[in-house]
Structures are given as C-alpha cells and as structure tokens.
There are 2 protein chains.
Amino acid sequence: MSASQPERGRSHQPTIKEVARLAGVSPMTASRTLNGGLNVRPDLQERVMAAVRELGYQRNENARSLRPGQPSGLIGIAITNLANPYYGSFALGVEEVAAEHGRRIILGNTGEDAGRERQLVSDFIGRQVDGLILVPTSGDSAHLRPERLGDMPLVLASRRVPGLEADTVLLDDVGGAYRGTISLLDAGHTRIGFLGNRSSVFTGERRYRGFEQAMSERGVAIDPAIVARDQQDVDAARRAARAMLDRPDAPTAIFSANNRNTIGALREIGRRIHDGLPGPRPSIVSFDDFELSELMPVPVTVIDHDGRRLGREAATLLFTRLTGDGDMPARTVELPVTVEFPRPGERA
Amino acid sequence: MSASQPERGRSHQPTIKEVARLAGVSPMTASRTLNGGLNVRPDLQERVMAAVRELGYQRNENARSLRPGQPSGLIGIAITNLANPYYGSFALGVEEVAAEHGRRIILGNTGEDAGRERQLVSDFIGRQVDGLILVPTSGDSAHLRPERLGDMPLVLASRRVPGLEADTVLLDDVGGAYRGTISLLDAGHTRIGFLGNRSSVFTGERRYRGFEQAMSERGVAIDPAIVARDQQDVDAARRAARAMLDRPDAPTAIFSANNRNTIGALREIGRRIHDGLPGPRPSIVSFDDFELSELMPVPVTVIDHDGRRLGREAATLLFTRLTGDGDMPARTVELPVTVEFPRPGERA
DNA sequence: CTGTTAGCGCGTTCAG
DNA sequence: CTGAACGCGCTAACAG
C-alpha cells in the first residue's frame with residue numbers, strides 16, 4: 001500500500017508469449033497462426049486459438065508496427081471544426097472508408113489555428129500514421145511542405161493550400177455559387193446582396209467568384225454596399241444582414257456563402273417579420289443545406305453537398321496512393337453540388 | 001524498379017540513434033535531452049536539439065509506449081453516429097479535454113451496431129489506449145464486462161448499459177421531458193401526442209418516463225393512439241405524425257423525444273399548412289435543439305443541451321480515474337438541460 | 001512444418 | 001554527468 005506508486009492493478013494484457021506457453025508451442029507458431037495460419041498444422045492452430053480465447057489475448061498493434069515499413073493502420077485527420085455538422089459527416093465518411101480498409105482514425109480539431117494544426121500533424125507523424133487527411137487552416141503551412149512531411153501521403157479536403165501540390169477533394173464552389181446566383185437573376189432579382197466569410201478562406205473566395213461570374217454574365221452590377229465578406233459567426237452575419245436591410249435600397253435577395261451566414265440572415269429576417277418592420281422580405285440562396293429550409297418564412301434555395309461523400313472521396317484518394325504508386329502526380333477531385341429550390345413551383 | 005515491391009521511397013523517419021550520431025553523443029544522452037534534459041550538460045543539449053531540428057526528428061510514440069505501464073496517450077472513442085451534430089459536438093468536447101491532457105483520440109463509429117462496437121473496443125485495446133469513452137449501442141454488451149476489459153478505464157455517455165457499473169455522464173432526460181410536457185399542460189393542452197425512438201434505447205425510455213410523470217401528475221390521460229415510440233429516422237417520424245394528425249381526435253400538441261422525430265413532425269406540419277389541409281396546427285416540444293426553431297410555422301419549445309459539455313464531462317471523468325484511484329466507485333454525472341420557449345411571451 | 005535468433009525505437013538499470 | 005546493456009511485443013529471416 002505504498003502511497004508513492006499509483007499501483008493500478010493493471011491486470012497485464014496477455015502477450016503472445018503467454019499464449020504460446022499455454023498452447024505449448026513457440027511464440028512464432030502462435031504468431032503465424034494469428035496471421036492466417038500459413039504453414040501451421042491445424043491441430044496446433046486449434047490449441048493456439050483456444051489459448052487466445054482463454055487468455056482474452058489482444059495483439060499489441062503498436063509493437064507490431066514497430067518494424068519500419070510496417071503500417072500502423074492509423075490515419076490522422078485534422079479538421080477545423082468538429083462541431084460543424086458538415087465536418088462531422090466528413091469525418092464519418094473518412095472513418096467508414098478507413099474501416100473498410102481495416103484502418104482506424106486519429107482525429108484532431110484545429111479550430112482554424114495553424115499552430116494547432118502543426119502540433120497535430122507532428123503528433124500524428126510521431127504515431128506513425130499511414131497517411132494524413134486534413135481540412136487545412138488558412139495560416140502558415142510550412143509544416144505541410146514535402147521536405148517536412150517526407151513521403152507521408154497527404155490529402156487536402158475542402159480547401160487548397162497555396163503552392164502545395166497534394167491530392168485534393170473540393171466542392172464545385174464556383175459552379176454552385178454561379179448556378180445559385182443565376183436562379184436569383186432568373187427570378188428577376190437585380191439587387192442581390194452577398195454574405196460571405198473571410199476571403200482568405202479558400203471557399204469564401206471561390207464562392208464569391210461564382211457569384212461574380214453570374215452577375216457579370218448577366219450584366220448586373222455588384223453594389224459593394226450590399227456585399228459583406230467578413231462574417232465568421234452567426235451574430236456577425238446577422239448584423240451584416242441587418243445593415244443591408246436597413247438601407248433604403250435594400251436588396252430583394254441575398255446570396256449567402258455558407259451556413260453561418262444563412263442562419264444569421266434568416267434570424268434577422270425573422271425578427272423583422274415578427275416586429276412588423278417594413279422593407280423587402282428577401283429571398284435567400286444558401287451555400288450549405290440545413291434542415292427545414294422549406295419551412296422558412298422566405299423562399300430559401302439551398303446549394304447542397306454531401307460531407308460524408310467528401311470524406312469518402314478523400315479517404316479513397318489516400319488509399320489509392322497508399323496501395324499504388326506513391327509518385328503519381330497529385331490529383332484533384334471536384335464534387336458536384338445540387339441546387340435545390342424551396343418547393344416545386346416556388347422559386348426564389 | 002521491381003514490380004512486386006511497393007518500393008515506396010519511405011524516406012525513413014529519423015531515429016534517436018541518428019540524432020545522437022549527428023550530435024556526437026550516445027542515444028541515451030539524446031533521449032535524456034528530449035525528456036527534459038535532466039543531468040545533461042547544456043552544451044550537449046544544444047547539440048542534440050540542433051540535430052533534432054536538422055533531421056526533423058519526431059519521437060516514435062508507439063515505440064515509447066511499448067514498455068508495459070507506459071501510457072500510449074491514446075483515448076478510444078466509439079459513438080453511434082458521427083453525422084449527428086450532437087455527437088459531433090460530443091466528440092469535440094472529448095477531443096478538447098484530451099488535448100489539454102496531451103492525449104489524442106482514436107474515433108470509431110458504431111452505427112448502433114453492437115458487433116461493430118465490439119470490434120472497435122477490441123481494436124482500441126490492441127492499440128493500448130489509456131481509456132475508453134463510448135456511447136453504447138443497445139445490443140449485446142458482453143465485451144464491456146470487467147472480465148473482458150480488465151482494468152481499462154471506461155466511461156459511458158448518454159446511455160447506461162444494463163448491469164454494468166461504470167463512470168457515466170447522462171442528461172437529465174427525465175427532468176427535461178417532464179418540464180417540457182408541463183409547459184404544454186400549462187398552456188392548456190390536454191391532448192398531447194408523443195413521438196419517440198425505440199424504448200430499448202435508454203434515452204427513449206427515460207424521456208417517455210418524464211412525459212408520463214408530467215401527464216399523470218396533472219391527471220391527464222395518455223391516449224396510446226397518439227403515442228408512437230418506434231421511429232428511428234425522419235421519414236418514419238413523419239409518417240407517425242401524419243397518422244396522428246389525420247385522426248378526428250388529433251392532438252393539439254406533440255412532445256417529440258429527439259431531433260429526428262421533431263424534424264419529421266415539422267415536415268408533416270409544413271406540408272399540411274402548405275396544402276391547406278384542415279385540422280390542428282400542433283405546438284411542438286422538442287427534446288434536442290435545432291437552429292431556427294423560432295422561425296417555424298408553429299410554436300416550438302426546445303429542450304436544449306450541450307453535446308460539447310457532455311463530451312468534456314465524459315473526458316474529465318476518465319482523466320480523474322486515470323490519475324487517481326482506479327478502484328474508486330463508479331460515478332454518474334447528470335447534466336442539466338434547459339427548456340427554451342419560442343419567443344418571449346409566446347409559449348407553446 | 002516448427003523453433004531460434006535478431007532487431008524494430010526507446011528508456012530503465014546499472015556501471016563507469 | 002554519460003554510456004552500454006537489456007528488454008518491452010512482435011515477426012522477418014534463417015536454421016532445423
């Protein structure tokens with residue numbers, strides 16, 4: 001009962017040696033049996049398996065992968081915000097494909113912090129992961145350069161990293177934003193506001209580009225007074241929407257580049273309706289789907305996409321590289337998005 | 001260029017030996033330096049650190065934890081559905097606390113499948129995790145019994161496992177459901193429907209109990225004809241809501257025991273409003289919050305709770321056990337929920 | 001078909 | 001203060 005030692009019972013995970021001893025064979029025979037039983041007499045295999053069951057033996061995967069070249073069976077994932085349902089689905093997609101390949105995932109949340117991303121990647125490498133999948137932050141990315149990563153396979157998701165060649169899965173941000181904007185123009189809107197996130201974020205930039213393309217293609221001018229591109233959370237989005245809608249020349253429609261901005265805009269619109277304020281009730285086009293969008297008090301068109309599928313594609317890209325030629329050129333997969341109108345016959 | 005071997009460049013993660021050689025010291029001196037530098041001359045430490053930087057050395061955490069008793073720094077988490085935003089937040093909460101303790105998480109998705117849970121737990125043990133956090137499935141749980149788990153610390157979240165004593169974090173399901181139901185009764189409703197998930201699911205059972213308590217306390221009978229407790233997805237929930245609302249004696253309010261049922265019910269209500277169908281526009285009380293609930297066409301009261309906090313509590317419970325006495329009795333933490341009314345002055 | 005030897009990267013133990 | 005030897009659990013490579 002010494003107080004200094006934690007003295008946890010640590011009921012000692014059985015080792016392959018103990019299995020072998022109990023089965024009356026050498027550790028090598030036990031090992032072979034556990035790895036498929038090639039060149040082991042059936043009766044010995046029986047005895048080994050019996051011992052395994054009796055002892056509740058679990059192979060130590062860490063020891064197994066100690067030998068260089070042996071895969072650890074671990075995939076490291078770093079994402080920016082696990083609480084975002086979209087990235088939750090993304091992680092699920094990766095997990096599924098990883099599991100199909102007998103791999104497990106180590107997951108870290110960066111919170112958009114490049115320093116944290118660096119730590120995570122470093123730790124992942126220290127744990128000998130077989131590959132890395134990440135939604136990169138927009139900060140410094142020196143830790144992702146080939147000279148730091150060696151030949152560790154890396155897949156980027158959702159965003160690119162400037163100057164870094166790596167397998168990448170993206171959404172069709174530009175096309176989706178373009179089509180969503182066109183649907184507003186088709187419905188006769190000419191005064192269209194834009195809510196987005198910091199343009200330093202890759203997707204923010206691309207979605208604005210799609211918006212811009214559609215507007216210029218139709219010869220509709222973009223009024224900078226109703227373009228707000230710096231909102232990262234719902235409250236900021238709400239304030240931006242409010243400022244726009246308070247103008248005498250308020251927009252009759254708003255393009256929102258992501259979920260946070262959409263929620264903020266709709267909260268503001270809801271308040272105005274509830275308070276009986278005058279002014280337009282703008283239609284919304286929202287990049288990112290959300291549930292019950294069809295029950296909103298204004299028409300909401302969503303640009304929908306599948307986070308789980310993005311995750312599955314990212315993992316597939318990784319495993320293709322893991323099993324194939326490590327030197328093949330970097331590939332980019334761009335997943336389609338769908339534009340969904342509120343209800344049949346009731347476009348924005 | 002032999003075709004049979006993968007022949008990955010594998011630019012060989014540097015080892016501590018190489019660091020030592022480059023620094024002109026023994027591996028032991030390098031090791032000591034990396035572990036705090038106790039009893040190592042400052043100038044040697046300098047040289048070692050320089051070599052580390054030059055080689056981009058990363059300590060092999062797997063090898064480090066090979067020695068029995070050494071923690072792996074890994075926490076295994078198995079949850080039922082990562083795509084559910086609530087569990088995404090939960091995972092985030094766990095990840096945060098784990099990171100604060102210098103641990104990493106291995107994450108697996110069970111999809112409510114007990115067999116998959118068993119595999120995951122087994123794999124986690126094989127990877128020498130320091131502890132396990134799981135949202136248990138409702139199936140067979142033999143693999144969680146102490147005789148199988150040894151003294152591996154285990155924390156259960158959201159649900160209990162029958163007959164298993166383990167640290168547990170729960171929501172105040174009963175109290176929340178009770179208070180939500182009371183709010184409906186206070187508003188004058190007497191005909192209240194119930195939508196829930198399989199009662200075999202722990203939370204489903206508890207939430208029904210809270211509903212029942214409130215109803216019986218107020219002397220309002222529960223009509224089994226408007227109680228549906230077997231919906232696991234939105235479509236099933238919608239059908240159940242439809243059946244209730246098609247009745248001549250349709251409920252004037254509905255208690256929904258979880259997010260999936262709430263969405264289904266609201267979709268059905270939205271359809272009826274849109275199609276101009278007659279009948280009541282029932283108020284909703286929803287266990288589980290969702291965004292923009294205040295913009296719904298019927299009043300929605302939500303019973304809100306914080307998945308991230310649940311995750312943080314679960315991890316805290318685990319680390320308390322890891323650092324403290326492993327033999328302390330199992331503890332249960334029950335987190336409060338808040339009942340939030342639609343808009344000030346407009347109760348359901 | 002089976003067993004022995006050796007070594008993966010690291011850190012504890014013990015000897016200088 | 002520093003280094004050499006040993007062993008953690010496991011499995012290629014090499015006997016037998």
Side-chain angles (χ1 to χ4, degrees), chain A residues 5 10 12-48 51-52 55-74 123 125-130 150, chain B residues 4-6 10 12-48 51-52 55-74 123 125-130 150:
Chain A
Q5 289 290 76
R10 269 290 156 235
H12 180 62
Q13 294 288 125
T15 76
I16 200 170
K17 275 190 196 158
E18 303 175 56
V19 169
R21 187 161 351 122
L22 182 59
V25 297
S26 80
M28 227 15 252
T29 298
S31 173
R32 280 193 262 257
T33 300
L34 290 169
N35 288 312
L38 243 73
N39 294 339
V40 180
R41 256 167 37 210
D43 59 318
L44 289 189
Q45 294 199 38
E46 275 306 324
R47 277 168 36 202
V48 169
V52 164
L55 265 40
Y57 169 76
Q58 287 287 142
R59 180 167 57 191
N60 183 330
E61 293 296 333
N62 291 348
R64 184 174 151 82
S65 65
L66 191 54
R67 185 177 309 274
Q70 281 298 314
S72 66
L74 251 26
D123 186 277
I125 291 173
R127 294 188 187 278
Q128 315 300 115
V129 295
D130 300 336
Chain B
S4 55
Q5 287 291 76
R10 268 293 155 231
H12 181 65
Q13 292 290 126
T15 76
I16 200 167
K17 273 188 197 159
E18 303 175 54
V19 170
R21 186 161 351 122
L22 182 59
V25 298
S26 79
M28 238 1 266
T29 298
S31 172
R32 280 194 260 257
T33 301
L34 289 169
N35 289 315
L38 244 73
N39 294 340
V40 180
R41 257 165 39 211
D43 58 318
L44 290 189
Q45 294 197 41
E46 276 306 323
R47 279 169 32 204
V48 169
V52 163
L55 265 41
Y57 170 76
Q58 288 287 143
R59 181 167 55 193
N60 184 329
E61 293 296 332
N62 291 348
R64 186 175 151 82
S65 65
L66 191 55
R67 174 174 267 88
Q70 281 298 314
S72 65
L74 253 25
D123 186 277
I125 292 174
R127 295 188 186 278
Q128 314 302 113
V129 295
D130 300 336

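Model, not experiment: these values are computed from the prediction. Each chain gets a letter, A, B and so on, in the order the sequences are listed, and its residues count up from 1.
- Looking at heavy atoms from C-beta onward, Leu66(B) lies in side-chain contact with Asn60(A) at the 4.5 angstrom threshold.
- The side chain of Arg59(B) places an N or O atom within less than 4.0 Å of a non-bridging phosphate oxygen (OP1 or OP2) of dG11(C).
- Between dT13(C), dT2(D), dG9(D), one nucleotide has an atom nearer to the side chain of Met28(B) than all others, and that is dT13(C).
- Note: CD (Gln70(A)) to C1' (dA13(D)) measures 14 Å, nearest angstrom.
- Following rounding to the nearest Å, Ile16(A) (CD1) and dA12(D) (C1') show an atom-to-atom distance of 13 Å.
- Taking atom CZ of Arg67(B) as the reference point, atom P of dC8(C) lies 16 Å away to the nearest angstrom.
- For Glu18(B) and dG9(C), the CD to P distance is 8 Å, given to the nearest whole Å.
- Closest to the Asn39(A) side chain, of the nucleotides dC10(D), dT2(C), dC8(D), is dT2(C).
- In this structure, the side chains of Val40(B) and Val48(B) stay at 4.5 Å or more apart for every pair of heavy atoms.
- Asn62(A) comes within 4.0 angstrom of nothing in the nucleic acid, heavy atoms only.
- Side-chain contact between Leu38(B) and Arg32(B): absent, with no pair of heavy atoms (C-beta onward) separated by less than 4.5 Å.
- Counting non-hydrogen atoms under 4.0 angstrom, Asn60(B) reaches the backbone sugars and phosphates but no base.
- One can place CD of Gln45(B) at 10 Å from P of dC1(D), the figure rounded to the nearest angstrom.
- One atom, CG of Leu34(B), and another, C1' of dC10(C), lie 11 Å apart when rounded to the nearest Å.
- Residue Arg32(B) is classed as a base contact, given a heavy-atom separation below 4.0 Å to a base.
- When distances run from any side-chain atom of Arg41(A) to the nucleotides dC10(D), dG11(C), dC1(C), the shortest one goes to dC1(C).
- Taking every side-chain heavy atom of Thr15(B) into account, dG9(C) is the closest of dT11(D), dG9(D), dG9(C).
- Between Val25(A) and Arg47(A), the closest side-chain pair of non-hydrogen atoms falls below 4.5 Å.
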Please step through side-chain hydrogen bond (donor to acceptor under 3.5 Å, both in side chains) for the pair Asn35(A) and Arg64(A), ending with a clear verdict.
CA-CA 11 Å; Asn35(A) 288 312; Arg64(A) 184 174 151 82; 3.2 Å; yes

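- Counting only heavy atoms from C-beta on, Arg64(B) has its side chain closest to dC10(C) among dG3(C), dC10(C), dT2(D).
- In this structure, Gln128(B) atom CD and dC10(D) atom C1' are separated by 12 Å, rounded to whole Å.
- Checked against dT11(D), dT2(C), dG11(C), the side chain of Thr29(A) finds its nearest nucleotide in dT2(C).
- Of the two residues contacting DNA chain D, namely Leu44(B) and Ala63(B), the nearest-nucleotide position lying further toward the 5' end is that of Leu44(B).
- Checked against dG11(C), dC1(C), dC8(C), the side chain of Leu66(A) finds its nearest nucleotide in dC8(C).
- Gln13(B) has its CD atom 14 Å from the C1' atom of dC8(C), to the nearest Å.
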